[in-house]
Amino acid sequence: MEATNAAALPAISAAAVRRAREEAGRTRRPLVEVLQEQLDLRSDQLVRQLAGGFRYRAVDWSELSAAAPAFDCLPYAEAARRECVAVRFAEHRLRLVFSNPYDAELLAWAEARLPGGVEYCVAHRLDILAWLAKQEESMRAMDQGLPDAAPEAPSREAVEDLSLQTISESESPVVRLVNSTLHDALKSRASDIHFEATGVGLAIKYRVDGVLALVKGLNSPELSEQVLSRIKVMAELDIAERRIPQDGRFKAMSKGREIDFRVSVMPSIHGEDAVVRILDKRYLADRVQGLRLDHLGFAGSIIGQLRQLAAEPYGMLLATGPTGSGKTTTLYAVISEINQGMDKIITIEDPVEYQLPGVLQIPVNEKKGLTFARGLRSILRHDPDRIMVGEIRDPDTAEIAVQSALTGHLVYTTVHANNVFDVIGRMLHMKIDPYSFVSALNGVLAQRLVRQNCPHCAAPHQPDPALIAGSRIADADLPAFGFMRGMGCGACRGAGYMGRKAIGELLVLNDDLRELIVSRAPARVFKETAVACGTRFLREAALDMVRAGETTLEEVNRVTFVA
C-alpha cells in the first residue's frame, strides 16, 4: 500500500485502542467513537491519526461527497450494514472508505469481496453515514423511472415496516417511493414531510429544525396522484374525495419501535397537498424522561423565574409562540420538575403526544364531544392541584381556565400570540373580565426555537456589512460579537446548523402591570414599565446567542423581528 496524505502522523497507541475496546464492549458504542472521546480529538484529527497509523488515505467530507458511488461492486444494503462505502473519485480508481481500520473482519471480507487494486481509505463515521443517507435517493422508486402502468390500490397493512429490506422487496413502485420517503425523513430527524402539488408533478420537502428543505421533485402528474392516494389509503381516508380537507393517521415500525404519523390532506389549484407529521413516541418519551428547564437553552435568569412561577400555589402561567416553537415541551419540563408525587396533576391535550409518569393525561376528542372546555369542567370535579390545558382556543376555555386559577388551582396553558404583550390583548379580545384575568395571571412566557451552529464545522465568520446594518447592530457593539458560522459537514448534512435552542421573553405580573392592563394603558407605556420590571425582549435573547457564537445573524433575523 502506497504512502498517503496521513502517513507522517503517529499511530494511536495499542494501550489506547485496548482501553477503547473495553469501553466499547461495555457500552456497545462504536470503537472509533469511544477513541475520539477518550483521546479528546476533533473529527479531522481522529481520521488523520487512524489513517496515518495504517498508511491509508484520509478522506474528509468534501472529498467523499464529490465521489461517485460504486454500488456495482458494493450494493447499498451491504454498505449500510457494514458502514463502509465503495466509491470512485475523478481518476475512476475504486476505493473502499470505512471508519474503523481495526476491524479485521471487515478488512478480510473486503479482500475477498472486492476486486484487486482497491485502495483503502479512512473517513469519519458520521461522514460515511451522511454520505449513505445522501446516496439512498438512488434506492428510491422515484429515481427508477415511472411505473409502466398504474399500480393497483395498495392494501393497508396493520403496521408498515420501514426497513430497507422490506422497502426493496415491495413490488409496487409507489409503495417503495412513499415508504422510502418516510424512512429517509426519520433518518434526517424531520418533524414533518410536505407533499406539495405543482403544475408538473409533486415536490417533496422535509422540515428539519423548523426549516423546510426540498429533497425530491416528481415530474409526473400521474405518479404524483398515486403517491397522494397511497398516503390516503395508509391514513384510512377517502381516496375519491379531492375537494375538501381530510385528516387521518397511521402507524409504522422502524428499528423495532412504533411511530405515529398524522396526515393532513388539503385541496389546491394543482390537485392535493399532504403534510405528514412524525410523532416518534419513544424518542419523545426519552426526551421527557428527566427533562428539565436547564436542557431547553433558556437564560439562567428566566429559568429561575419560571421555576418560581411554576411552584406558586395557584394562578396561571401562559406560554405563547407560533406553532412548533416548543411551548408544550416547556410546559412538560415545568411539570416534570414540580411532579414530586404530592400534587394531583391533570392535563387535557390535543393530542397527547407523549406520556408523563404520575400525571393524568386526557386527550381531546371533539367527535365524541370532549372539547377543551367540557374536559376542563370535568377536571375541576376530579380534585386537581395543577392543571395543564394544551391550548386556549375559544372564550369558553379561556373563561374556565381563568376561573380555575382563581379558585385555588395552578393552571399551565398555551395561547397563540407573537409576544408577551399580544397575549394580553388576545385574552381580553375573548371577552375575559380584565379584573379576573389580571388576578389570575402570574406570568407570560413567549418563546422561539433558534437553530444552533453545527459544533463540528463552526468557524469564525465576518457577516456582510449590509447584514450587520440591517440587523440594527451599532458599530460600538461589534467587538462584543463573536460571529461564528457552520460551514457544512457530514454531521449536519451540509446545513451548517445542528439542533435548536429555546430563547424566551418572560413577563412576571406585579401590581403596576396589573393596573396598566385593567386601565388599558397604551402599549408603549406598558412595554416601558415591563422593561423597567426586568423583562428582556426575544430579540435581545437571540442576539446573546450571536454574541456567544452559537448561531448566525441570518438565523436570528429569520426568527425574531429586527427592532
Side-chain angles (χ1 to χ4, degrees), residues 191 210 279 281 283-299 302-341 343-364 372 375-376 379 384-393 397-398 400-402 404-405 409-420 423 426-427 440-449 500-509 538:
S191 60
L279 298 174
K281 289 188 175 180
Y283 171 71
L284 294 172
D286 292 341
R287 286 183 60 194
V288 171
Q289 186 175 6
L291 179 64
R292 297 178 60 83
L293 290 169
D294 312 75
H295 302 161
L296 304 182
F298 290 117
I302 286 184
I303 291 175
Q305 291 176 306
L306 269 179
R307 285 177 174 154
Q308 183 176 351
L309 292 171
E312 296 289 355
Y314 56 85
M316 178 185 289
L317 174 60
L318 281 172
T320 187
T323 301
S325 60
K327 302 184 297 294
T328 302
T329 302
T330 298
L331 292 185
Y332 273 121
V334 166
I335 292 175
S336 297
E337 290 197 355
I338 57 95
N339 184 16
Q340 304 298 326
D343 295 320
K344 180 72 171 181
I345 304 175
I346 305 179
T347 75
I348 180 165
E349 307 167 62
D350 183 21
V352 176
E353 296 188 358
Y354 41 88
Q355 300 176 3
L356 289 171
V359 177
L360 173 58
Q361 295 175 271
I362 304 170
V364 166
F372 276 113
L376 191 49
I379 286 173
D385 296 295
R386 302 172 188 273
I387 303 169
M388 173 181 158
V389 183
E391 182 184 348
I392 291 181
R393 300 175 178 172
T397 307
I400 301 169
V402 169
S404 302
H409 306 91
L410 185 60
V411 179
Y412 311 109
T413 186
T414 71
V415 179
H416 284 292
N418 290 323
N419 53 58
V420 295
V423 170
R426 177 79 187 278
M427 293 294 288
L441 187 62
N442 294 337
V444 183
L445 171 71
Q447 70 176 77
R448 298 290 189 276
L449 294 178
R500 291 186 290 176
K501 176 179 177 179
I503 58 172
E505 175 180 284
L506 183 62
L507 176 70
V508 180
L509 270 290
L538 281 167

Heavy-atom side-chain contact between [X] and [Y] under 4.5 Å:
X	Y	result
Arg386	Val359	no
Leu318	Val444	yes
Leu376	Val389	yes
Asn419	Thr320	no
Ile392	Met427	yes
Leu509	Asn442	no
Pro322	Arg448	yes

[atom1]-[atom2] distance between [X] and [Y], expressed to the nearest 0.5 angstrom:
X	Y	atom1	atom2	result
Thr347	Tyr332	OG1	OH	5.5 Å
Arg426	His416	CZ	NE2	7.5 Å
Ile387	Asp343	CD1	CG	11.5 Å
Phe372	Ile362	CZ	CD1	11.0 Å
Ile345	Met388	CD1	CE	11.0 Å
Lys344	Leu360	NZ	CG	5.0 Å

Could you point out which residue of Thr414, Thr413, Leu306 forms a side-chain contact (heavy atoms from CB on, under 4.5 Å) with Leu317?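 Between Leu317 and the candidates, side-chain contact (heavy atoms from CB on, under 4.5 Å) is satisfied uniquely by Leu306.
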Could you check Ile303, Val420, Leu309 and say which one makes a side-chain contact (heavy atoms from CB on, under 4.5 Å) with Leu506?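 Option passing the side-chain contact (heavy atoms from CB on, under 4.5 Å) with Leu506: Leu309.
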May I ask you to decide if Gly326's main-chain N or O and Gln447's side chain share a donor-acceptor pair within less than 3.5 Å?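 Yes, because the side chain of Gln447 sits within donor-acceptor range (under 3.5 Å) of the backbone of Gly326.
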For side-chain contact (heavy atoms from CB on, under 4.5 Å), just list the numbers for Ile338 and Leu410, CA-CA rounded to whole Å, side-chain angles, deciding distance to a tenth of an Å, and then say yes or no. CA-CA 12 Å; Ile338 57 95; Leu410 185 60; over 6 Å; no
Apply the test side-chain contact (heavy atoms from CB on, under 4.5 Å) to residues Glu391 and Asp350: give CA-CA distance (whole Å), side-chain angles for both, the deciding distance (0.1 Å), then the verdict. CA-CA 8 Å; Glu391 182 184 348; Asp350 183 21; over 6 Å; no
Non-hydrogen atoms of [X] and [Y] that approach each other most closely:
X	Y	answer
Gln361	Glu349	NE2-OE2, 3.1 Å
Ala310	Val334	CB-CG1, 3.2 Å
Ala401	Val411	O-CG2, 3.8 Å

Show, in sequence, the C-alpha distance, side-chain angles and deciding distance for His295 and Thr329, and conclude whether the side-chain contact (heavy atoms from CB on, under 4.5 Å) test is met. CA-CA 11 Å; His295 302 161; Thr329 302; over 6 Å; no
Are more than 12 heavy atoms from other residues, nucleotides or ligands located less than 6.0 Å from atom CD of Glu312?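 Above 12, so yes.
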